Participant: 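Here it is, the structure, as structure tokens.
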Number of protein chains: 2
Amino acid sequence: MSEVDRVIHEPARLLIVALLSGAKEADFLFLQRETNLTKGNLSSHLMKLEEANYIEIEKTFRGKIPLTLVRLTEDGRAAFQSYRKTMNGLLR
Amino acid sequence: MSEVDRVIHEPARLLIVALLSGAKEADFLFLQRETNLTKGNLSSHLMKLEEANYIEIEKTFRGKIPLTLVRLTEDGRAAFQSYRKTMNGLLR
DNA sequence: GCAGACCAGTCTGTACTACAAACCAGTCTT
DNA sequence: AAGACTGGTTTGTAGTACAGACTGGTCTGC
């Protein structure tokens, strides 16, 4: 019945989603510092979240230095909400 | 900082632990029906939980048919409590 | 001008692990 | 004797998290 969303359930991605749910958007470096993930891992986790259509990734520039902005989509926000529901059910 | 306990985090085991936390003990068949796991999987998840010292497994007999009873240890109860804490922190 | 650090990746290799399915051993029912 | 039930163990596979190496461009210091 109550299936757990594996995309969000993974601790690293759960942290990312939780961080994003509290802000409008976040940049790559901020996420890396908060999650303590290597660049490679953070990048691949963001890819997974993007493939699931849970986040949007906007690649721009701060001057001429690359700047990657990440924000939750509506789908992502809904999925997180639903995840919280099922988790609270299990942890009650 | 706030590390997630992977032993409990796995959805199948989380369900098992949650079920056990609500009862003194449960038998193998009950857990299998509630979790929808195959015997093999349930067995190996129980092994993982036992290795972590989160549950006790008592093998007895109902007449002459094997009966496997499972219950949370103090460690298991504490770990679940701590897991709930960190999760609630992330989901808040 | 060039080494080194910073930004944001991709790619590769490894080690783990969840899961299904097959097999096993004994018991009870028909 | 056949089949279903109890509660497992073993095996094989596919997925995946993670670290670390490599890439490419930019900026900083000497």
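Source: prediction; values computed, not measured. Lettering follows sequence order; numbering is per chain, from 1.
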Participant: Report which part of the nucleic acid B/Gly40 touches: base, sugar-phosphate, or nothing (heavy-atom distance under 4.0 Å, all strands).
Facilitator: base

Participant: For the pair made of CE in B/Met47 and P in C/dA18, what is the distance, rounded to whole Å?
Facilitator: 12 Å

Participant: Which one of A/Lys24, A/Arg71, A/Arg77 satisfies the salt bridge (charged side-chain N to carboxylate O under 4.0 Å, His left out) criterion with A/Glu56?
Facilitator: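 One option only clears the test, and that one is A/Arg71.
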
Participant: Can you check whether A/Thr38 has a side-chain N or O nearer than 4.0 Å to OP1 or OP2 of D/dC18?
Facilitator: no

Participant: D/dA17 phosphate, OP1 or OP2: any side-chain N/O from A/Arg13 under 4.0 angstrom?
Facilitator: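 The answer is yes; a side-chain N or O of A/Arg13 sits under 4.0 Å from OP1 or OP2.
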
Participant: When all nucleic acid strands are considered with a 4.0 Å heavy-atom cut-off, which category describes A/Ser43: base, sugar-phosphate, or nothing?
Facilitator: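 If one applies the 4.0 Å heavy-atom cut-off, A/Ser43 turns out to touch a base.
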
Participant: Heavy atoms, side chains only, cut-off 4.5 Å: are B/Val17 and B/Tyr54 in contact?
Facilitator: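 Sidechains of B/Tyr54 and B/Val17: no contact.
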
Participant: What is the distance from CG of A/Leu37 to C1' of D/dC18, rounded to the nearest Å?
Facilitator: 9 Å

Participant: Please state how far atom CG in B/Leu67 lies from atom C1' in D/dC5, giving the value in whole angstrom units.
Facilitator: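 My rounded result for the distance is 13 Å.
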
Participant: Is the phosphate of D/dA17 approached by A/Asn41 (side-chain N or O, under 4.0 Å from OP1 or OP2)?
Facilitator: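 Checking A/Asn41 against D/dA17: no side-chain N or O falls below 4.0 Å of OP1 or OP2.
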
Participant: Side chains of B/Val4 and A/Leu15: closer than 4.5 Å at any heavy-atom pair?
Facilitator: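 A side-chain contact under 4.5 Å is absent here.
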
Participant: Heavy atoms under 4.0 Å, any strand shown: does B/Gln32 hit a base, just sugar-phosphate, or nothing?
Facilitator: nothing

Participant: Give a yes/no answer on whether the side chain of A/Lys39 brings an N or O atom under 4.0 Å of OP1 or OP2 in D/dG20.
Facilitator: no

Participant: For B/His45 and C/dT17, is the shortest distance between a side-chain N/O and OP1 or OP2 below 4.0 Å?
Facilitator: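 For B/His45, the contact criterion (side-chain N or O under 4.0 Å from OP1 or OP2 of C/dT17) is not met.
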
Participant: Could you state the CD1-C1' distance from A/Ile16 to D/dC18, rounded to the nearest angstrom?
Facilitator: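 Checked: the CD1 to C1' distance equals 13 Å.
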
Participant: Tell me what B/Leu42 touches on the nucleic acid: a base, only sugar-phosphate, or nothing, going by heavy atoms under 4.0 Å.
Facilitator: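 Counting heavy atoms under 4.0 Å across all strands, no contact is made by B/Leu42.
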
Participant: At under 4.0 Å, does any side-chain N or O of A/Arg33 touch on OP1 or OP2 of C/dC7?
Facilitator: no

Participant: Base, sugar-phosphate or nothing for B/Lys64? Non-hydrogen atoms, less than 4.0 Å.
Facilitator: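 B/Lys64: backbone/sugar contact only, no base atoms under 4.0 Å.
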
